[in-house]
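Take a look at the structure set out below.
Everything numeric in this text was worked out from a predicted model, so none of it was measured. For the single chain, residues carry numbers from 1 onward in sequence order.
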Amino acid sequence: MSIVPTNDNDRRINVYDPFFLDPRNPLSDFPFFPSSISRVFPELNLGAPVNSRVDWRESSDAHIFQACLPGFANEDVLVELKDERVLQISTDSGSFMTSFKVPESAKLDQLKAFMNNGVLTVTIPKEEARRPEVRVVEIAGED
């Protein structure tokens with residue numbers, strides 16, 4: 001099983017490099033032509049797995065997960081919180097699934113999900129960090 005997209009000839013496909021062309025058929029691997037649209041958006045092939053990007057970043061007050069799921073509507077995407085603080089994002093069709101263990105500082109009861117133009121954003125607020133108590137200590141010594 002390969003985690004790098006390949007074409008029928010087992011050649012690696014780089015859809016992000018517009019200069020990556022097959023010398024036998026220059027338009028076959030170019031991402032902006034219909035012959036290769038299924039390589040750029042694999043979810044258009046029924047039953048084919050989706051190759052999506054998921055970003056996880058942390059701000060001062062929240063954990064933010066963003067998943068790019070082009071071609072999917074709100075009804076097609078499932079966001080679940082499982083045992084042991086595991087956030088799972090998947091599609092109804094089963095073509096995409098990923099999960100993350102959520103840190104202890106997250107307020108799971110305030111989890112929110114929003115989807116716009118195929119980009120799912122899951123926001124989980126963080127508990128306020130406890131500031132350590134600071135105590136000034138006098139320094140004894142000779143003056």
Quiz item: Closest heavy-atom contact between Ala106 and His63?
Solution: CB-CD2, 3.9 Å

Quiz item: Do you reckon Val77 sits in the same ILVMFWY cluster as Trp56, going by side-chain contacts under 4.5 Å, direct or chained?
Solution: yes

Quiz item: So with a 6.0 Å cut-off around NZ of Lys107, is the heavy-atom count from everything else above 12?
Solution: yes

Quiz prompt | Minimum-distance pair of heavy atoms, taken over all atoms of Thr121 and Gln66 | solution = OG1-NE2, 3.3 Å

Quiz item: Between Leu120 and Phe65, does a side-chain contact (heavy atoms from CB on, under 4.5 Å) hold up when you go through it step by step?
Solution: CA-CA 8 Å; Leu120 173 70; Phe65 299 85; over 6 Å; no

Quiz item: Can Phe100 be reached from Leu78 by stepping across I, L, V, M, F, W or Y side chains whose heavy atoms are under 4.5 Å apart?
Solution: no

Quiz item: If you look at every heavy atom in Pro125 and Thr123, which pair is closest and at what distance?
Solution: CD-O, 3.9 Å

Quiz item: Got a salt bridge between Arg53 and Asp55, using NZ or NE/NH1/NH2 to carboxylate O under 4.0 Å?
Solution: yes

Exercise. Tell me, with the steps shown, if Arg85 and Glu104 meet side-chain contact (heavy atoms from CB on, under 4.5 Å).
Key: CA-CA 8 Å; Arg85 306 178 68 87; Glu104 296 291 327; 3.5 Å; yes

Practice problem: I would like to know whether Val54 and Phe96 meet side-chain contact (heavy atoms from CB on, under 4.5 Å); could you show each step before the answer? | Solution: CA-CA 11 Å; Val54 179; Phe96 174 79; 3.8 Å; yes

Quiz item: When you measure from the side chain of Lys126 to the backbone N and O of Ser59, does any donor-acceptor pair fall under 3.5 Å?
Solution: yes

Quiz item: Would Leu87 and Leu111 satisfy side-chain contact (heavy atoms from CB on, under 4.5 Å), going step by step from the backbone distance to the final call?
Solution: CA-CA 10 Å; Leu87 174 70; Leu111 181 142; 3.9 Å; yes

Practice problem: Check whether more than 12 heavy atoms from other residues, nucleotides or ligands sit under 6.0 Å from atom CD of Glu80, and answer yes or no. | Solution: yes

